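Presented below is the structure to which this report refers.
Predicted, not measured: the structure shown is a model, and the values here were computed from it. Values reported hereafter were calculated over all heavy atoms of this structure, with side chains retained and with hydrogens, waters and symmetry mates removed.
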Amino acid sequence: MVQTAEELQKISKDNIESAMKSFGTLSKSAQAIAVEIADYTKSSFEQGTAALEKLLGAKTVEQAIEIQQTYLKSAYEGAVAQATKLGELYTELAKETYKPFESTLGKTGFKFPA
């Protein structure tokens, strides 16, 4: 419980500072995620275009099937790797966004569930 006006002011100031740090982290992480998604989209488009060019140049049905299978395997592996990387970025975002509030919430005795 807050005892004095000074304590209330300090708690308010601490909360505002924590929120500003959290917003800064959120902004940086969101930019990193956006860049990662843009890079993956560009790379995926380039790989798809290259596969289509190879497919149009195929001389036999077997060759076309092989090109398509190779592309699909590569695209799937790339998508899984990208999903894993984005998951890690979002996890890090959550951890870093929460950090400024740890000390404030720790003072109240509040614990986040594991």
Side-chain angles (χ1 to χ4, degrees):
M1 194 92 195
V2 177
Q3 301 297 326
T4 65
E6 289 83 23
E7 287 179 19
L8 180 61
Q9 286 178 332
K10 182 173 179 352
I11 290 171
S12 296
K13 181 182 175 207
D14 291 346
N15 286 338
I16 290 171
E17 287 175 1
S18 295
M20 295 307 292
K21 287 178 186 175
S22 182
F23 289 141
T25 300
L26 178 66
S27 176
K28 289 177 187 173
S29 295
Q31 285 177 334
I33 290 168
V35 166
E36 188 63 39
I37 291 172
D39 289 347
Y40 173 73
T41 302
K42 180 182 175 189
S43 171
S44 179
F45 180 76
E46 289 170 351
Q47 289 175 352
T49 302
L52 181 60
E53 288 174 358
K54 287 181 184 177
L55 196 57
L56 292 174
K59 305 226 187 288
T60 64
V61 173
E62 291 81 18
Q63 190 180 23
I65 291 172
E66 183 181 336
I67 291 167
Q68 187 177 23
Q69 286 176 336
T70 302
Y71 168 71
L72 290 174
K73 181 181 177 192
S74 156
Y76 174 77
E77 290 171 351
V80 169
Q82 185 64 26
T84 302
K85 194 170 193 178
L86 286 174
E88 291 169 356
L89 287 172
Y90 278 111
T91 300
E92 189 63 26
L93 166 68
K95 287 178 184 176
E96 292 298 317
T97 303
Y98 164 71
K99 270 186 184 178
F101 295 103
E102 282 180 327
S103 64
T104 304
L105 292 175
K107 292 174 189 173
T108 66
F110 179 80
K111 301 243 189 244
F112 277 102

Is there a path of hydrophobic side-chain contacts, each under 4.5 Å between heavy atoms of I, L, V, M, F, W or Y residues, that connects Leu86 with Leu93?
yes

Ala64 and Leu55 have their tightest heavy-atom pair at O-CD1, 3.3 Å

State, with a plain yes or no, whether a side-chain heavy atom of Ser74 is found less than 4.5 Å away from one of Gln47.
yes

Value for OG1 (Thr60) from CD (Glu66), rounded to nearest 0.5 Å, stands at 8.5 Å

Which atoms form the tightest heavy-atom contact between Gly78 and Tyr40, and what is the distance?
O-CE1, 3.8 Å

As an exercise, state the distance from CD of Glu36 to CD of Gln82, rounded to the nearest 0.5 Å.
4.5 Å

Got a donor-acceptor contact below 3.5 angstrom from the Thr91 side chain to the Gly87 backbone?
yes

Check for a donor-acceptor pair, side chain of Thr41 on one end and backbone N or O of Ile37 on the other, with a separation under 3.5 Å.
yes

About how many Å separate NZ of Lys85 and CG of Asp39, when rounded to the nearest 0.5 Å?
8.0 Å

Could you tell me the separation between the CD atom of Gln68 and the CG atom of Leu52, rounded to the nearest 0.5 Å?
10.5 Å

For the backbone of Val80 and the side chain of Thr84, can you confirm whether one donor and one acceptor N or O come within less than 3.5 Å of each other?
yes

Which atom pair, heavy atoms only, marks the closest approach of Ile67 to Ala58?
CD1-CB, 4.1 Å

Partners meeting side-chain hydrogen bond (donor to acceptor under 3.5 Å, both in side chains) with Gln63 (sequence neighbours left out)
none

Kindly work out whether a path of hydrophobic side-chain contacts (I/L/V/M/F/W/Y, heavy atoms less than 4.5 Å apart) joins Leu26 to Ile33.
yes

